[in-house]
Amino acid sequence: MRSRQFVRWTSGAVVASLVALVVACVPPPPEEAAAPVGDDLVRLNEVQFLGTHNSYILGPSLGLINALTVGAGIFPELEGSDLDPAQLNYSHRPLPDQLASGLRTFELDLFADPTGGRFSRPLAAQLLNEPYPTGVDQPGTKVLHIQEINYISTCPTLVRCLTQLRAFSDANPDHLPIVINLELKEDTLPSPFDVTPIQPFDAAQLTILEDEIRSVIGDRLVTPDEVRGTAPDLATAVTTSGWPSVADTRGRFLLFLDNDGAVQDRYLDLHPNLQDALIFTSGGQGEPHGALLKLNDPGDGSQIRSLVEQGYMVRTRADADVVTPSPAQRAAALASGAQIVHTDFPRGEAKLGSGYVVEFPTRAQARCNPVLASGSACQPAALVEPRP
């Protein structure tokens with residue numbers, strides 16, 4: 001009998017070959033300028049960026065998918081839930097590969113782990129006799145999708161993910177700003193999966209989170225204080241004086257919380273009006289801290305369009321179903337003017353069978369915002385990144 005290690009290696013080789021084949025079939029982008037022109041006249045909100053949802057994710061093993069499929073047959077309520085095996089069965093390339101393909105916005109799901117080892121022996125791995133995740137034994141914020149179930153990441157810690165992004169930034173100092181959506185997770189799983197105690201992101205854990213961010217990219221951040229400037233609050237700033245220019249944000253990072261509710265409130269308690277904060281919130285329309293807003297479902301695009309026209313930045317999703325992604329939702333998201341559009345099917349990762357993909361025909365996956373085009377100086381040359 002072949003060893004489990006051999007089976008895992010050959011499976012990985014097959015996947016890598018398929019990914020390489022898909023990437024090889026992507027047509028080259030059209031010729032474009034070698035260096036940016038006019039980016040000092042274009043504000044950050046006048047750009048639309050493409051990126052990935054659950055950017056770190058590696059899909060569960062075939063054994064786990066099969067086990068969850070059996071479970072879904074016994075418990076029909078799993079269909080459409082976070083534990084639906086059909087919705088878990090996908091992966092993304094490592095962050096360096098995504099960056100190389102032109103993506104400039106990402107999503108990371110974070111779990112607090114102040115003592116280390118909290119997520120080192122997931123229940124599914126124990127029950128199925130599968131390998132435990134590596135790189136998760138030391139204290140620090142972990143990056144994974146669903147504890148016990150969907151726990152394999154291309155970069156299992158926040159510091160490691162940020163280090164990979166920083167390495168790209170160091171090698172490409174004039175890249176377009178990299179926007180990162182941080183979802184701080186606290187939810188427990190339903191029985192019988194609720195075996196690992198979850199540490200809330202209280203003030204102490206939020207401080208640890210900021211310390212980790214500061215240790216890797218603290219000198220490269222676009223902060224709420226910078227955007228606020230001399231305005232009384234962020235909402236006033238973005239709807240009057242506006243966002244920084246593309247030229248001023250090249251080579252830098254902007255972070256925002258995916259959370260609203262209790263987690264957002266705790267962060268605002270730590271940083272009232274986001275004073276001295278490293279991270280923007282994604283709620284707060286009409287509130288002082290509101291600047292970047294989250295509307296995951298674009299609907300018909302009209303609400304997002306209205307917010308974009310007022311000066312807000314908005315994050316939305318081009319697709320929410322990995323089994324049958326909707327071209328209509330993709331079209332609505334892109335036409336809405338949302339500046340941050342996340343997908344599970346970026347360039348080089350088209351859905352097998354349907355060819356569904358979300359991409360722009362440029363090296364950097366960014367374009368002039370379609371909603372703000374008439375009043376903007378944005379031209380494609382302003383969003384070019386110098387060739388390596």
Side-chain angles (χ1 to χ4, degrees), residues 53-57 81-83 106-116 118-119 139-151 153 157-159 161-162 179-191 193-214 221 223-225 227-228 233-235 238 254-297 303 307 312-317 320 340 342:
H53 164 248
N54 292 340
S55 306
Y56 56 86
I57 200 166
S81 74
D82 288 342
L83 300 181
F106 306 95
E107 181 191 47
L108 303 176
D109 291 335
L110 308 182
F111 288 80
D113 186 13
T115 57
R118 185 179 299 260
F119 304 103
T141 306
K142 302 302 184 292
V143 178
L144 65 147
H145 189 211
I146 302 173
Q147 69 273 30
E148 317 301 348
I149 302 296
N150 198 192
Y151 47 80
S153 304
T157 70
L158 175 60
V159 167
C161 294
L162 294 180
V179 182
I180 309 171
N181 175 7
L182 302 176
E183 182 172 358
L184 279 51
K185 292 202 164 185
E186 301 182 331
D187 293 339
T188 58
L189 293 176
S191 178
F193 301 105
D194 56 340
V195 297
T196 298
I198 300 302
Q199 167 67 51
F201 279 92
D202 54 19
Q205 296 307 310
L206 290 169
T207 299
I208 290 172
L209 172 65
E210 288 199 318
D211 287 344
E212 291 180 351
I213 293 168
R214 194 177 287 109
L221 291 174
T223 65
D225 287 341
V227 174
R228 185 187 310 103
D233 54 58
L234 269 172
V238 301
L254 185 152
L255 312 181
F256 69 96
L257 290 178
D258 186 87
N259 308 76
D260 50 21
V263 173
Q264 177 181 265
D265 291 345
R266 281 182 232 134
Y267 193 65
L268 289 169
D269 287 341
L270 195 64
H271 296 291
N273 200 22
L274 294 181
Q275 294 278 352
D276 300 320
L278 303 185
I279 312 170
F280 290 79
T281 57
S282 63
Q285 180 185 350
E287 299 181 38
H289 62 92
L292 195 160
L293 308 176
K294 177 186 68 174
L295 280 80
N296 285 342
D297 183 353
Q303 184 180 3
L307 293 168
Y312 292 102
M313 288 183 66
V314 179
R315 184 260 192 170
T316 195
R317 290 179 60 183
I340 303 155
H342 285 164

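Keep in mind that the numbers below use all heavy atoms, side chains included, and drop hydrogens, waters and symmetry copies.
Under the side chain to side chain donor-acceptor pair (under 3.5 Å) criterion, Asn296 pairs with Arg315, sequence neighbours left out. Listed by chain and residue number, Gln205, Glu212 satisfy the side chain to side chain contact (heavy atoms under 4.5 Å, CB included) test with Ile208 (two or more places apart in sequence, or in another chain). Under the rule for a salt bridge (charged side-chain N to carboxylate O under 4.0 Å, His left out), the partners of Asp211 that lie at least two apart in sequence or sit in another chain are Arg214. Partners of Phe119 according to the ring pair (Phe, Tyr, Trp, His ring centres under 6.0 Å) rule, which considers only residues two or more places apart in sequence or in another chain, are Phe111. Residues passing the salt bridge (charged side-chain N to carboxylate O under 4.0 Å, His left out) test with Glu148, sequence neighbours excluded: none. Qualifying side chain to side chain donor-acceptor pair (under 3.5 Å) partners for Gln275, counting only residues two or more places apart in sequence or in other chains: none. Checked against side chain to side chain donor-acceptor pair (under 3.5 Å), Arg228 has the following partners two or more places apart in sequence or in another chain: Asp225. Evaluation of the side chain to side chain donor-acceptor pair (under 3.5 Å) rule for Thr316 yields no partner, not counting sequence neighbours. Considering only residues two or more places apart in sequence or on other chains, Phe280 meets the ring pair (Phe, Tyr, Trp, His ring centres under 6.0 Å) condition with Trp243. In this structure, the ring pair (Phe, Tyr, Trp, His ring centres under 6.0 Å) partners of Tyr267, at least two apart in sequence or on a different chain, are His271. Residues meeting the side chain to side chain contact (heavy atoms under 4.5 Å, CB included) test with Ser55, sequence neighbours left out: Thr52, Leu95, Gln98, Phe106, Glu107.
No side-chain heavy atom of Asp258 sits under 4.5 Å from any side-chain heavy atom of Asp109. Residues Leu189 and Thr196 form no side-chain contact, since every pair of their non-hydrogen atoms from C-beta on lies 4.5 Å or further apart. A heavy-atom distance below 4.5 Å is found between the side chains of Val227 and Leu234. A 4.5 Å side-chain heavy-atom check between Ile340 and His342 finds at least one atom pair inside the cut-off. Residues Leu184 and Leu209 form a side-chain contact, since some pair of their non-hydrogen atoms from C-beta on lies under 4.5 Å apart.
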Practice item. Could you give me the CA-CA distance, side-chain angles and deciding distance for Thr223 and Leu274, then say whether side chain to side chain contact (heavy atoms under 4.5 Å, CB included) is met? Key: CA-CA 9 Å; Thr223 65; Leu274 294 181; over 6 Å; no
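Panel note: side chain Asp194, backbone Thr188; no donor-acceptor pair is recorded below 3.5 Å. For the pair Arg118 (side chain) and Pro197 (backbone), a donor-acceptor distance under 3.5 Å is present. Without hydrogens or angle criteria, Ser153 side chain to Val143 main chain gives a donor-acceptor distance under 3.5 Å.
Residues Pro224 and Ala277 share a closest heavy-atom pair of CD-O, 3.3 Å. Here the closest non-hydrogen pair linking Ile198 and Asp187 is CG1-O, 4.0 Å. In this structure, Leu182 and Asn259 approach most closely via the heavy-atom pair O-OD1, 3.7 Å. Smallest separation of non-hydrogen atoms from Tyr312 and Ala235: OH-CB, 4.4 Å. Considering every non-hydrogen atom in both Gly284 and His289, the closest pair reads CA-CE1, 3.5 Å. When every heavy atom of Ser282 is checked against every heavy atom of Phe256, the shortest pair comes out as CB-CD1, 3.8 Å.
The line from CG of Asn54 to CG of Asn150 is 8.0 Å long, rounded to the nearest 0.5 Å. Rounding to the nearest 0.5 Å gives a distance of 4.5 Å between CD of Gln303 and CG of Leu295. The CG atom of Leu268 lies 10.5 Å from the CG atom of Leu206; values are rounded to the nearest 0.5 Å. Atom CG of Leu293 sits about 10.0 Å away from atom CD of Glu287, to the nearest 0.5 Å. Atom-to-atom distance recorded for Leu257:CG and Ile180:CD1 is 12.5 Å, nearest 0.5 angstrom. To the nearest 0.5 Å, atoms CG (Leu110) and NZ (Lys142) are separated by 11.0 Å.
Salt bridge status for Glu183 with Lys294: absent, with no side-chain N to carboxylate O gap under 4.0 Å.
Legend: salt bridge (charged side-chain N to carboxylate O under 4.0 Å, His left out) pairs involving residues 272-282, not counting sequence neighbours: none detected.
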